[in-house]
Participant: 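One structure coming up, written as structure tokens, with questions to follow.
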Amino acid sequence: MTSVLRTRLPLSRSLLTAKTGFARIPARRFSTPTGDVPPPKSSSTLYLGLGIGAALAGGAYYIFFSDQGATDAKSAVQVAKVKTKFVPAKEDYQKVYNKIASILEADDYDNGSYGPVLVRLAWHASGTYDKNTNTGGSNYATMRFAPESLHGANNGLHVARGIMEQIKNEFPWISYGDLWTLAGVAAIQEAQGPKIPWRPGRIDGFEKDATPDGRLPDAAQGQDHIRDIFYRMGFNDQEIVALVGAHALGRCHPDRSGFEGPWTFSPTTFTNDFFKLLNEEKWIWRKWNGPKQLQDKKTGTLMMLPADYALIQDKKFKQWVKKYAADESVFFADFSKAFGKLLELGVPSSQWVSPEPWELKTVDEQSK
């Protein structure tokens with residue numbers, strides 16, 4: 001995917017790259033307004049102001065209150081659903097999943113898929129968690145607000161947020177946190193990746209809940225930095241390596257991170273190729289005007305970030321690189337657990353609507 005590791009531009013130095021229903025409706029069930037204005041390409045996006053904004057969507061008139069002390073923002077559709085005692089069940093979330101899956105293909109974007117950038121959105125919305133202060137994570141979807149939306153690590157993610165805003169318009173009852181993480185699940189599963197355990201229950205916060213800059217990994221750094229960032233979230237070395245395996249998807253963009261190129265030859269398919277290539281190919285430093293990155297000596301068309309390369313320079317990390325390169329099923333199993341854990345960071349257990357995570361079906365599974 002477009003890097004889960006924070007990549008940096010030369011100037012800013014800070015860029016990334018069962019039918020079970022709700023047991024109860026949480027006190028803050030409805031989502032607060034986003035601070036982003038989605039890209040103009042979408043004809044169904046909601047345009048929000050700094051004070052009270054209004055938008056017409058699907059015939060419904062939405063009023064958004066940005067006052068921190070005000071009641072949570074509720075659209076007319078959301079209020080109507082509450083009055084009719086609408087309680088989303090697993091099949092309702094499956095419908096959201098299906099809608100996300102239906103918009104993944106994009107002929108005019110990267111390698112023809114929005115999937116990688118949606119994985120990155122889910123990753124970055126969750127990877128701000130700090131176990132020491134119990135702040136950050138996916139619960140409040142604070143990337144909707146500045147300054148978090150403007151952090152270098154989130155450069156380019158306005159694309160993903162804009163796409164998700166279209167889905168949000170169709171399913172206004174889902175929180176942004178649930179929507180963004182579910183998008184990551186759908187993107188991985190539809191890219192032939194492993195099943196990712198997921199359950200709803202996240203609520204949306206306010207601008208005051210936004211996290212400080214610097215919590216996401218910096219792709220230009222080495223193993224010490226990697227451990228500092230991931231240990232802060234509560235991950236161990238094995239989980240760290242498994243999560244970085246998401247670089248099987250996507251590519252880096254010079255206009256976002258400064259780095260350039262894909263990690264694998266099949267950047268829209270989830271495989272263990274990232275580990276195989278990292279372990280088996282000879283990597284050399286690329287000679288160019290951009291930030292330090294490596295390229296494969298054989299074709300010169302693939303790239304690795306300094307933080308990727310650190311995984312084979314560190315003995316404890318390298319043992320997992322070799323294991324995942326040798327057996328894709330082992331990688332898939334470990335990635336599924338680690339990514340599912342990542343998506344739940346920062347969410348109080350009392351908010352989950354199901355005691356155990358669900359497995360949502362892929363489009364192909366539903367057609368059988």
Side-chain angles (χ1 to χ4, degrees), residues 1-17 119-120 122-137 143 147-148 150-157 211-254 256-261 263 274-275 278-279 283-286 290-295 303-322 324 334-335 338-339 341-342 345-346:
M1 69 183 178
T2 307
S3 181
V4 298
L5 295 173
R6 184 167 58 121
T7 55
R8 310 187 297 178
L9 285 172
L11 293 179
S12 68
R13 312 302 295 170
S14 63
L15 291 180
L16 171 80
T17 96
V119 174
R120 181 175 168 231
W123 211 111
H124 284 212
S126 307
T128 57
Y129 182 66
D130 184 336
K131 64 183 178 63
N132 299 313
T133 61
N134 196 29
T135 58
M143 201 196 302
E148 189 171 336
L150 303 177
H151 289 169
N154 296 325
N155 197 34
L157 285 178
T211 58
D213 200 0
R215 288 195 176 185
L216 292 167
D218 184 339
Q221 301 300 315
Q223 50 264 51
D224 290 342
H225 169 79
I226 294 171
R227 285 195 171 93
D228 287 343
I229 294 293
F230 281 87
Y231 284 5
R232 187 209 69 224
M233 287 186 266
F235 291 110
N236 59 34
D237 286 356
Q238 172 263 311
E239 293 169 318
I240 292 172
V241 178
L243 286 171
V244 178
H247 281 172
L249 296 176
R251 63 193 304 121
C252 286
H253 304 76
R256 299 179 186 178
S257 66
F259 297 101
E260 181 180 43
W263 288 269
F274 169 78
F275 296 112
L278 180 60
N279 186 56
W283 296 94
I284 59 175
W285 293 106
R286 179 179 177 180
K292 290 184 63 176
Q293 67 177 67
L294 297 104
Q295 65 182 28
M303 55 116 358
M304 288 287 167
L305 301 166
D308 298 321
Y309 197 61
L311 298 183
I312 57 172
Q313 294 178 308
D314 183 280
K315 291 183 179 179
K316 291 182 179 179
F317 283 152
K318 188 174 182 179
Q319 65 176 320
W320 293 106
V321 171
K322 294 174 70 70
Y324 295 150
D334 285 354
F335 179 84
F339 196 68
K341 175 180 175 179
L342 172 69
L345 294 179

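When reading the values below, keep in mind they use all heavy atoms of this one structure, side chains included, and skip hydrogens, waters and symmetry mates.
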Participant: Is the closest side-chain heavy-atom distance between Val244 and Phe317 below 4.5 Å?
Facilitator: no
Participant: For residues Pro217 and Ile229, report the shortest heavy-atom separation together with the two atoms involved.
Facilitator: CG-CG2, 3.6 Å
Participant: Restricting to side-chain contact (heavy atoms from CB on, under 4.5 Å), what partner residues turn up for Asp224, sequence neighbours left out?
Facilitator: none
Participant: Counting N and O atoms only, with roles assigned by atom type, does the side chain of Arg215 sit under 3.5 Å from a partner on the main chain of Arg232, one being a donor and the other an acceptor?
Facilitator: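 Answer holds: no.
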Participant: Nearest heavy-atom pair of His225 and Leu216: which atoms, and what distance?
Facilitator: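 His225 and Leu216 have their closest heavy atoms at NE2-O, 4.4 Å.
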Participant: Quick check: closest heavy atoms across Asn155 and Arg120, and the distance to 0.1 Å?
Facilitator: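 It is O-NH2, 2.8 Å.
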Participant: To the nearest 0.5 Å, what is the distance between SG on Cys252 and CG on Leu305?
Facilitator: 4.5 Å
Participant: For Arg227, enumerate each residue passing the side chain to side chain donor-acceptor pair (under 3.5 Å) test, keeping only those at least two apart in sequence or located in another chain.
Facilitator: Tyr231, Asp237, Asp314
Participant: Let me confirm one number: the CG-CG distance from Asn279 to Leu311, rounded to the nearest 0.5 Å.
Facilitator: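 If we round to the nearest 0.5 Å, Asn279:CG and Leu311:CG are 11.0 Å apart.
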Participant: I need the full list of salt bridge (charged side-chain N to carboxylate O under 4.0 Å, His left out) pairs touching residues 124-133, with sequence neighbours left out, sorted by first then second residue.
Facilitator: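 Qualifying pairs: none.
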Participant: Could you report the tightest heavy-atom contact between Pro306 and Phe259, atom names first, then the distance?
Facilitator: CD-CE2, 4.2 Å
Participant: Using every non-hydrogen atom in the two residues, find where Gly137 and Thr128 come nearest and quote the distance to one decimal.
Facilitator: N-OG1, 3.0 Å
Participant: Could you list the residues that satisfy side chain to side chain donor-acceptor pair (under 3.5 Å) with Gln223, not counting sequence neighbours?
Facilitator: none
Participant: Return the set of residues passing side chain to side chain donor-acceptor pair (under 3.5 Å) with Tyr129 (not counting sequence neighbours), or none when no residue passes.
Facilitator: Asn134
Participant: Within this structure, what is the CZ-CG distance for the pair Phe230 and Leu243, rounded to the nearest 0.5 Å?
Facilitator: 6.0 Å
Participant: Short question: side chain of His124, backbone of Ala153 - any donor-acceptor pair under 3.5 Å?
Facilitator: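 Pair found, side chain donor or acceptor close to backbone of Ala153.
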Participant: For the pair Tyr324 and Trp320, name the ring-plane relationship: parallel under 30°, tilted 30 to 60°, perpendicular over 60°.
Facilitator: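 Tyr324 and Trp320: tilted rings.
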Participant: Assess, by modelled atom type and distance only, whether the side chains of His247 and Asp308 contain a donor and an acceptor separated by less than 3.5 Å.
Facilitator: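 Yes, side-chain donor-acceptor contact under 3.5 Å.
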Participant: Do Phe275 and Val241 pass the side-chain contact (heavy atoms from CB on, under 4.5 Å) test, and can you show the C-alpha distance, the side-chain angles, and the key distance before you say yes or no?
Facilitator: CA-CA 9 Å; Phe275 296 112; Val241 178; 3.5 Å; yes
Participant: Give me the atom names and distance for the closest heavy-atom approach of Ala122 to Phe339.
Facilitator: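 Nearest heavy atoms, Ala122 then Phe339: CB-CZ, 4.5 Å.
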Participant: Let me confirm one number: the CZ-CG distance from Arg256 to Leu157, rounded to the nearest 0.5 Å.
Facilitator: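 That separation rounds to 8.0 Å.
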Participant: Do Leu342 and Phe235 make a side-chain contact, defined as non-hydrogen atoms from C-beta onward lying under 4.5 Å apart?
Facilitator: yes
Participant: Find out whether Arg286 and Met303 are in side-chain contact, i.e. whether some heavy atom of one side chain is under 4.5 Å from a heavy atom of the other.
Facilitator: no
Participant: Could I get the full list of side-chain contact (heavy atoms from CB on, under 4.5 Å) partners for Asn236, not counting sequence neighbours?
Facilitator: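 Asn236 satisfies side-chain contact (heavy atoms from CB on, under 4.5 Å) with Gln238, Glu239 once adjacent residues are dropped.
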Participant: When you measure from the side chain of Glu148 to the backbone N and O of Thr211, does any donor-acceptor pair fall under 3.5 Å?
Facilitator: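 A pair under 3.5 Å: yes.
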Participant: Does atom NZ of Lys341 have more than 12 heavy-atom neighbours, drawn from other residues, nucleotides or ligands, at distances under 6.0 Å?
Facilitator: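 More than 12 heavy atoms, drawn from other residues, nucleotides or ligands, come within 6.0 Å of this atom.
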Participant: Residues two or more places apart in sequence or in another chain: which of them pass side chain to side chain donor-acceptor pair (under 3.5 Å) with Gln295?
Facilitator: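 Listed in chain order: nothing, the list is empty.
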